[in-house]
Each structure stands twice: as structure tokens, then as C-alpha cells.
Amino acid sequence: MTKSFRTILAGSRRSEGAPRNVRLMVAVAAGVLMLAGAASADEASTSASSTLRELGAQVQLRIGTAAVPNDLSDPTLAQITADQFSVLTPGNEMKWQVVEPSPGTFNWTGADNLVNFAEEHRERVRGHTLVWHNQLPNWLTQGVANGTISDAQLRDLLHQHITTEVSRYRGRIWQWDVVNEMMTDSNPSQLNPNDFWIAHLGAGLLADVFRWAHAADPDALLCYNDYNIAGEDGSNAKFNAAFTTVKSLLAQKVPIDCVGDQGHLDLQFGFNPILMTQDLRAYASLGLKVAITEADVRTFVETTDSDQTPIVSKTDPTPSHTANPAGADWYVGMLQSCLAVKACISFTVWGFADAESWIPGTFKGEGDADLYDVNLNPKPQYTALQQTLSLARGAPHRGGSSREED
Ligand code: G3I
């Protein structure tokens, strides 16, 4: 701490008996000086040149990205994946559809590559995902649909799937998204009775799958992962449903350790970082860790007149970030929410490059959701996260060691 800041701080403490407006002015002056101090000399140069993972380590927060095989094999993408992040989540490569394309025949290539890459670059892995209605193998869904797989067999197959996959990577996965996206989007929300797994095996399955995963790797943190469960829907409807569900699992002594809030934001809807902070704190109050697991902030991008193809594409690589300054603010809001909650252990973006993004393929006319533009230049979204992490070093519960192992 600089001498001048110590002096002001002491003045601020001494002003405790002074009128409220004087105390306020002293506190504001202290804050301004602190920020000025942080932005001066070495700290400013550190922030301008430090990677997200380095800055995250200084506030005991791991910064992650989802990665697909191209992110590990393309030299430029791989360099960013290794340099900027300290956690990797496979975008698709650990999903059942990929790892068991036909019954009893496994394909671990993509998942193995990702875990090996992560270890080589001192990154941890968020395993994603074991129980989800989407990206299931055709043989499984067709077998259930045509009655050749009974519900009892389905339950055994799921147990086997979880045991096989979690055991394979035992000791190498930091957090597992055991269950993904099981709440309805309605208000009020609830565990979705029409979810593929609930419909066939009942809500009691939730407790079982966490227990099966825990048996296969007792050291992995086991998470419930979903979107809009930290107030992004404004109503808190999905938060209420998720909170009730995880609380009930804890009451049954189910080994659940964390809640992952995906953080897929869209500028056409609202976002309230105060509500997100409150909700993350509420999960933490149950003794759970929390994480932002799939952050991105999409918006409508300029489109061609003819076919509405988003301009953010590989064929027309016009960076459009100038159209989306609010994107940086919303990224910062999510990061600040996480930083404000001690139990928030990682902040992961769902891919870092607009050219690789899942958004244009899913939300017609939208894009510009990521930290790097289509030419792989860092956008204001990136710089804003960098600055926020740099300034967070003063937060009391985020101080301390700069070792990523913490
Ligand atoms: O691999 C095939 C390829 O062979 C084929 O030519 C091509 C044609 O469309 O499809 C390829 O598969 C695609 C797969 O991603 C791999 O790229 C699927 O069509 C596509 O539907 C699939 O999308 C994934 C999506 O989950 C599926 O719901 C996205 O990549 C993936 O980023 C996304 O991730 C989800 C999280 O798991 C859960 N939360 C939401 C998030 C975004 O939807």
C-alpha cells in the first residue's frame, strides 16, 4: 500500500465520528486514490500485459473457456487456449453422443486430447456433462422410443455411462457437470417433468446420479449446471426451482458440491448483476461452491440484406464489436458477481472467439458474443475482464497468493 493511501485511509478511519457527508467525502477520496494508485505505474503495466489466467490467479479465481478440438489443434487458437485460461471445459467431447457412438463402442479421443492438453498447460478440467436430455446417442434415444430399451435398462445404462466416464478420468477432473438443464423455463419453474430422464426414471434419479458419480471419483466437485438460475430471467423463477432442488438434495445427504450458472446473456433481455450476486450467495449459503460456467453475451449483428446471414462469420469476417459496447459491461457484471462471492471458484466463457461461436448457428442474426473478434483480436469484452480482474486485487477475500494451485 502506498504511503499516501495509508494516510487517507487513516483519515477515513479517524473521520468515523464526523458528520455523515464528511465521512462520505473522505471515503470517496480514499476510493479514488486507491483506484488511481492501482492504475499507476507497475499495476497499470501489469494489467495491460497480463493474461486472464494470471490476473485470475491473483484473486484466486480460475478463468476458463469451453474448447472444441479445433481450439487445441489450430496453433493460434491453441496458443490463446493455453495462455489465457486455467480451466477447460470440453464443448462437446465428453457428451454421451460423442463418447459412445454405438453401444459398447467408445471414442475417447477428443476427451483424452482435452484432458492431456489441460494437464500439459497446468489447466484444470470441468467435465461436461453426464446427464442431459440433449446430445444423447441415437441408439439410446431410438431404443427407448421403439421399446427395445426398457426404463429399467435405461437406468442401468445411465449408471454404467456415469461410472465408465467418471472412472476413466478419476483424479483428473476438477468439477463435473453431473446434471445439466433440468428446470423448466416457465414461471414458476420446476424440475421438468417432461425432461427425457425425469419422464423415464423419475425425479428420484437426481440423488442417484450424484451418488454414482461420487462413487466413481470421490474427489471431483459435483455440480448442477443450468442457464438462467442466477436471476438472468429477472423473475428469479428458475433460481427458486434450482435452489429448492439443490437444497433438497443436500437434505438427503446427496454428494452435490456446486452449482454452475451458465451465464448465456442476450442484450435484448435484461440483466441484473446485483440479483446474480444475491443468488450466487444464496447457493453459497447452503455450503455449495458456485461457478459461472458458460458465459457469453450475444446481440443482433449487422446482417446482409439478402439472406440474413450474420456478418460475424468466417466468410465475411467483419469485426462488429463496435456495435456492441454493452457486451463488455455485461461480461463485467457477471465477473463482478462471481468475484463478490467467495465461494465462486471459476468463471468460464463458452468459447472465446466469435469465429468459433455456437451462437450464429443457434440464434439467427445474433453473434458478437465472445472475447475475441473473428480475426482473433481481443475485443473490449476481453479488455474489460482484464481490467476488472486487475482492480479486484484489493477485495479482502480475493487477496493473497498468486499461485494457481490455490
Ligand atoms: O459433429 C457434427 C458434424 O459432423 C456435422 O457435420 C454438423 C452438422 O450440423 O454437426 C456437428 O455436430 C454439432 C455439434 O455441436 C458439434 O459441432 C451439432 O450439430 C450441434 O447441434 C452441436 O451444438 C452444440 C450444442 O451444445 C448442442 O446443444 C454446441 O456445439 C455446444 O457448444 C452446445 O453447448 C451447450 C452446452 O453443452 C450446455 N449449455 C448450452 C450450450 C450451448 O447450447
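For ligands, and for the atoms within them, numbers begin at 1 and follow the listed sequence.
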Can you list the residues that meet the ring-ring contact (aromatic ring centres under 6.0 Å, His included) rule with H133, with sequence neighbours excluded?
none

Residues at least two apart in sequence or cross-chain that pass side chain to side chain donor-acceptor pair (under 3.5 Å) with Q268, listed by chain then number, are D266

Partner of M182 by side chain to side chain contact (heavy atoms under 4.5 Å, CB included), out of F196, W132, W197
W197

Indicate yes or no: does K238 engage D185 in a salt bridge with an N to O separation below 4.0 Å.
yes

Give the protein residues with at least one non-hydrogen atom closer than 4.0 Å to an atom of ligand 1, ordered by chain and number.
N92, K95, H128, W132, N134, Q135, N180, E181, Q262, H264, E294, W350, W358

Does anything in residues 203-233 form a ring-ring contact (aromatic ring centres under 6.0 Å, His included)? List the pairs, not counting sequence neighbours.
H159-W212

Whether H264 and W358 hold their rings parallel, tilted or perpendicular, with breakpoints at 30° and 60°
perpendicular

